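Everything on this sheet refers to the single structure shown next.
Chain A is the first sequence line, chain B the second, and so forth, proteins listed ahead of strands; every chain is numbered from 1. Here the structure is a predicted model, which means the values were calculated and not measured.
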Protein chains: 2
Amino acid sequence: MTAQRRVVAEVLDGDHVHLTADEVHARAVAKLPEISRATVYNTLGELVSLGEVLEVATDKRAKRYDPNAHRPHHHLVCAQCGAIKDVHPTGNPLSDLPTSERFGYTVSDVEVTYRGLCPDCTAA
Amino acid sequence: MTAQRRVVAEVLDGDHVHLTADEVHARAVAKLPEISRATVYNTLGELVSLGEVLEVATDKRAKRYDPNAHRPHHHLVCAQCGAIKDVHPTGNPLSDLPTSERFGYTVSDVEVTYRGLCPDCTAA
DNA sequence: AGCCGACACTGGACATTGTCCAAGTCGCAT
DNA sequence: ATGCGACTTGGACAATGTCCAGTGTCGGCT
């Protein structure tokens with residue numbers, strides 16, 4: 001556990017938000033000015049490998065990192081402003097996929113992204 | 001309807017696959033050598049706006065384009081080799097999201113990505 | 001037929017995101 | 001103190017996507 005990794009972990013624990021790698025880097029720099037982008041990417045990659053953090057692909061541009069890796073959940077994304085909320089749907093989508101639709105795959109995980117407009121963008 | 005747009009549309013109709021923008025460009029060049037990347041991107045963007053083609057974000061690296069826009073479906077992705085299949089789960093995930101979990105959003109769409117290993121990668 | 005204007009296309013520069021690598025630095029065990 | 005190994009750094013590079021100015025093409029009008 002080096003100073004750099006601690007800073008990255010702190011950034012992610014800080015708020016429960018969904019930051020891009022660049023945003024993580026920006027916030028890490030605020031705490032430890034000499035941290036490099038490469039280190040942030042390395043550390044994020046390690047956290048993902050360790051299962052401490054999830055990569056989410058709600059945004060097509062950049063990966064986002066979700067520190068809430070220990071409780072399964074899905075995401076609700078505003079199509080306009082990009083705001084992201086964690087949601088917990090009822091039911092289990094895995095059981096909605098019949099064997100005949102699995103094409104011999106070993107299905108282990110499912111990722112659900114709801115899209116819509118957040119209250120602010122609905123009003124606007 | 002210009003020659004360039006026709007070529008892009010033909011590439012997508014050709015097989016029912018999930019191509020990246022670059023793959024679309026490569027195949028378009030085979031049919032019309034002087035087509036430029038910018039035109040492919042523009043045309044893909046227009047097709048998406050028209051609802052003729054869907055952007056899918058199964059891959060974190062590049063957007064893929066799915067010409068099967070008229071029947072709702074979801075995707076099953078091999079975590080190792082990236083192979084993508086269209087699947088049709090039973091049930092409707094939209095109804096699995098209670099009002100209390102919508103945070104005032106106007107939810108209009110849901111995207112489900114199953115992940116696992118395809119038969120080849122399971123064997124290997 | 002010839003001109004004109006609108007629109008699409010081209011090619012390349014640029015931006016963003018992410019990966020890689022060689023060299024430097026730090027801490028720890030000896 | 002010294003040496004080893006792991007971590008970090010900074011920058012180069014790669015992949016993907018966007019933007020823009022210049023050029024070409026096509027239809028309509030005279």
Side-chain angles (χ1 to χ4, degrees), chain A residues 1-12 17-50 52-67 75 77 79-82 84 113, chain B residues 1-12 17-50 52-67 75 77 79-82 84 113:
Chain A
M1 179 58 68
T2 66
Q4 286 79 1
R5 293 185 191 190
R6 188 168 26 78
V7 166
V8 170
E10 281 174 11
V11 166
L12 286 172
V17 288
H18 303 78
L19 299 169
T20 64
D22 243 29
E23 288 166 350
V24 172
H25 179 228
R27 298 194 184 199
V29 165
K31 294 179 182 228
L32 186 73
E34 292 319 309
I35 195 169
S36 78
R37 281 192 330 131
T39 298
V40 171
Y41 277 101
N42 287 341
T43 306
L44 287 173
E46 286 168 29
L47 290 172
V48 170
S49 298
L50 293 172
E52 294 296 318
V53 164
L54 290 179
E55 263 176 16
V56 299
T58 54
D59 186 326
K60 288 174 192 69
R61 210 168 74 241
K63 294 176 192 170
R64 291 180 176 273
Y65 292 88
D66 186 339
H75 293 108
V77 182
Q80 191 157 337
C81 71
I84 302 176
T113 304
Chain B
M1 177 58 70
T2 66
Q4 287 79 2
R5 294 183 192 190
R6 187 168 26 78
V7 166
V8 171
E10 281 174 13
V11 166
L12 287 172
V17 288
H18 302 79
L19 299 169
T20 64
D22 243 29
E23 287 164 350
V24 172
H25 179 229
R27 297 193 185 201
V29 165
K31 297 179 181 230
L32 187 70
E34 293 317 310
I35 195 170
S36 78
R37 281 192 330 129
T39 297
V40 172
Y41 278 101
N42 286 342
T43 305
L44 287 173
E46 285 169 28
L47 289 172
V48 169
S49 299
L50 293 172
E52 293 296 316
V53 164
L54 289 180
E55 263 176 16
V56 298
T58 55
D59 186 326
K60 289 176 192 66
R61 211 168 71 242
K63 294 176 192 170
R64 291 181 177 272
Y65 291 88
D66 187 338
H75 293 107
V77 182
Q80 191 156 339
C81 71
I84 302 175
T113 305

Using whole Å, report how far CZ of Arg6(A) lies from P of dC26(C).
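So the CZ-P distance, Arg6(A) to dC26(C), works out to 16 Å.
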
For Lys63(A) and dT16(C), give me the distance from atom NZ to atom C1', rounded to whole Å.
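Distance check: Lys63(A) NZ to dT16(C) C1' gives 14 Å.
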
Contacted region of DNA chain D by chain B, from 5' end to 3' end of the hits, cut-off under 4.0 Å to heavy atoms, spans dA15(D) to dC19(D)

Taking Ser49(B) for its side chain and Gly45(B) for its backbone only, find out whether a donor-acceptor pair lies under 3.5 Å.
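Pair found, side chain donor or acceptor close to backbone of Gly45(B).
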
Just jot down the salt bridge (charged side-chain N to carboxylate O under 4.0 Å, His left out) partners of Glu10(A), sequence neighbours excluded, or say none.
Arg6(A), Lys31(A)

List the residues meeting side chain to side chain contact (heavy atoms under 4.5 Å, CB included) with [X], not counting sequence neighbours, and say none if there are none.
X: Arg61(B); result: Asp59(B)
X: Thr20(B); result: Asp22(B), Glu23(B), Ala62(B), Arg64(B)
X: Ala21(A); result: Tyr41(A), Leu44(A), Tyr65(A)
X: Arg27(A); result: Val11(A), Asp15(A), Leu19(A)

Please enumerate all residues that pass ring-ring contact (aromatic ring centres under 6.0 Å, His included) together with His25(A), with sequence neighbours excluded.
none

side-chain N/O Thr2(A) vs dG27(C) OP1/OP2, d < 4.0 Å:
no

Listed partners of Glu55(A) passing side-chain hydrogen bond (donor to acceptor under 3.5 Å, both in side chains), at least two apart
none

Does any residue of residues 26-47 of chain A have a heavy atom under 4.0 Å from DNA chain C, and if so, which ones, in number order?
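Within this stretch, Arg37(A), Ala38(A), Tyr41(A) sit under 4.0 Å of the strand.
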
